[in-house]
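Working notes for the structure below.
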Amino acid sequence: MDHFARKLLAWYDRHHRELPWRVGPSDKAQGVVPDPYHVWLSEIMLQQTTVQAVKPYFDKFLTRWPRVADLAAADTDEVMAAWAGLGYYARARNLKKCAEVLARDHDGRFPDTFEGLKALPGIGDYTAAAIAAIAFDRPEAVVDGNVERVVTRLFAIETPLPTAKPEIKTRTKAMTPAERPGDYAQAMMDLGATICTPKRPACVLCPLRDDCIALSKDDPQRLPLKMPKAARPVRYGAAFIAETPDQRILLKTRENKGLLGGMAEVPTTGWTARSDGETGKDAAPFSAAWTPKGEVTHVFTHFELRLAIWHAASDERPVTGGRWTQITALGEEALPSVMKKAITQAIPDAFKARRETS
DNA sequence: GATCCGTGGAG
DNA sequence: TCTCCAAGGAT
């Protein structure tokens with residue numbers, strides 16, 4: 001084992017984070033083994049998502065679906081509803097698919113190799129390596145955003161991302177130890193998350209400070225360099241909240257692909273790049289006394305959406321592809337944040353725990 | 001390789 | 001207010 005791994009594992013033994021899905025070094029010493037299902041579920045949820053945001057979702061999923069077979073047998077709409085708010089909904093669709101493949105073709109167990117894991121839906125290079133290392137003690141090179149940051153600073157790699165990825169992968173492979181590869185991978189990520197942070201890294205506390213070329217030269221915070229991001233365009237649309245006297249609103253389900261795929265929505269216009277500000281009630285799902293309720297803005301990854309909100313009292317008329325859902329039952333719907341925002345704009349207490357019965 | 005895909009918190 | 005970003009994957 002080289003000196004990087006030795007120092008890092010010693011630091012990890014003393015300063016690792018306690019996380020709900022993690023088996024720490026002391027627990028491992030007592031014979032506790034990581035559950036591949038827990039490792040997988042946490043890794044999928046953590047993709048581009050903060051630890052704090054994941055925690056309640058991880059608990060909720062494990063409570064409702066304690067084993068892979070439970071998730072495989074679950075209703076897809078319930079899984080999407082449970083995932084609602086966490087974002088990147090293709091993850092939830094692939095999570096369900098993956099559980100079904102495991103139940104059908106793998107006896108409900110996870111493959112224990114990188115290649116076997118990589119072949120599953122929603123599992124790419126990072127996640128395959130992470131599960132192989134953390135759940136099965138395979139010495140795979142685990143490279144996530146944390147590792148990219150640590151390695152570019154450690155070796156003062158001036159090539160901007162993503163061009164530097166191959167070099168980072170090579171460096172990480174060379175550093176990964178044959179012993180405790182799972183702890184090592186988590187140690188690298190903990191180091192990146194708590195010490196080698198994007199801004200104001202705590203270099204004085206870093207177990208690798210004597211080896212860090214960026215620190216010896218100048219300013220580690222400068223790295224990694226990144227390619228400039230494209231500007232975020234603005235798109236406009238309108239959303240329609242139709243409410244019946246017995247407190248139901250009209251919902252639909254989006255098609256199973258693309259933006260918010262498989263999630264619930266209120267009827268909306270298309271979301272165009274136009275800026276005419278006229279997008280409005282002539283596109284309503286049916287003719288009614290539509291009342292303007294202002295506008296909500298929501299920021300997606302690659303565009304900003306401004307939705308004009310319309311509200312109308314309505315009778316419960318049949319609408320193709322639509323369903324009239326009790327407002328008190330909205331918590332069971334797979335509503336993404338932008339839709340909760342739109343509904344709340346029209347009906348302020350829609351998601352309150354106790355609604356006043358008017 | 002470039003683009004698409006959410007959300008909410010921190011600075 | 002605004003920018004950045006957090007354990008990436010699919011196409």
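In the text below, chain A, chain B and the rest are named by the order of the sequence lines, each starting its count at 1.
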Q. Earliest and latest nucleotide of DNA chain C, 5' to 3', sitting under 4.0 Å from a non-hydrogen atom of chain A?
A. dC5(C) to dA10(C)
Look at all strands and tell whether [X] reaches a base, only sugar-phosphate, or nothing, counting heavy atoms closer than 4.0 Å.
X: Ile123(A); value: sugar-phosphate
X: Thr127(A); value: sugar-phosphate
X: Val299(A); value: base
X: Trp21(A); value: base

Do [X] and [Y] form a cation-pi contact, if we require the NZ or CZ to be under 6.0 Å from the six-membered ring centre and within 45 degrees of the ring's axis?
X: Arg254(A); Y: Trp271(A); result: yes
X: Arg138(A); Y: Phe114(A); result: no
X: Arg232(A); Y: Phe303(A); result: no

Are [X] and [Y] close enough that some pair of their side-chain heavy atoms sits under 4.5 Å apart?
X: Thr268(A); Y: Met339(A); value: yes
X: Val101(A); Y: Cys98(A); value: no
X: Leu191(A); Y: Cys206(A); value: yes

Q. Does the separation of the ring centres of Phe300(A) and His298(A) fall below 6.0 angstrom?
A. yes
Q) For the ring pair Tyr57(A) and Trp83(A), is the centre-to-centre distance below 6.0 Å? A) no
Q.
Please list, in numerical order, the residues of residues 253-262 of chain A that have a heavy atom closer than 4.0 Å to any atom of DNA chain B.
A. Gly258(A), Leu259(A), Leu260(A)
[atom1] of [X] versus [atom2] of [N]: gap in Å, rounded?
X: Arg232(A); N: dT7(B); atom1: CZ; atom2: C1'; answer: 11 Å
X: Phe303(A); N: dC5(B); atom1: CZ; atom2: P; answer: 7 Å
X: Arg93(A); N: dC5(B); atom1: CZ; atom2: P; answer: 10 Å
X: Lys226(A); N: dA2(B); atom1: NZ; atom2: C1'; answer: 17 Å
X: Leu305(A); N: dC5(B); atom1: CG; atom2: P; answer: 12 Å

Q: Check the pair Arg323(A), Glu333(A) against salt bridge (Lys or Arg N to Asp or Glu O under 4.0 Å), reporting the backbone distance first and the verdict last.
A: CA-CA 11 Å; Arg323(A) 57 181 183 276; Glu333(A) 289 285 346; 2.7 Å; yes
(Q) Test side-chain contact (heavy atoms from CB on, under 4.5 Å) on Val142(A) and Tyr184(A); report intermediate values, then the result. (A) CA-CA 9 Å; Val142(A) 179; Tyr184(A) 178 80; over 6 Å; no
**Q.** Value rounded to 0.5 Å, distance of OH in Tyr12(A) from CE in Met189(A)
**A.** 8.5 Å
For atom [atom1], what is the distance between [N] and [M], given to the nearest Å?
N: dG1(B); M: dG8(C); atom1: C1'; result: 16 Å
N: dC5(B); M: dA6(C); atom1: C1'; result: 15 Å
N: dG6(B); M: dT11(C); atom1: P; result: 14 Å
N: dC4(B); M: dA7(C); atom1: P; result: 24 Å

Q | OP1 or OP2 of dC5(B) under 4.0 Å from side-chain N/O of His302(A) | A | yes
Q | Residue whose nearest DNA chain C nucleotide is more 5′ - Lys118(A) or Asp190(A) | A | Asp190(A)
Q. Taking for each residue the nucleotide of DNA chain C with the nearest heavy atom, is it Pro121(A) or Ile134(A) whose nucleotide lies nearer the 5' end?
A. Ile134(A)
Q. Quick one: which of Lys217(A), Glu158(A), Arg153(A) gives a side chain to side chain contact (heavy atoms under 4.5 Å, CB included) with Arg222(A)?
A. Glu158(A)
So which protein nitrogen or oxygen atoms get under 3.5 Å of nucleotides 8-11 of chain B's nitrogens or oxygens?
residue	atom	partner	partner atom	Å
dG8(B)	OP1	Ser337(A)	OG	3.1

Q | Residue met sooner reading DNA chain B from 5', once Phe300(A) and Pro162(A) are mapped to nucleotides | A | Pro162(A)
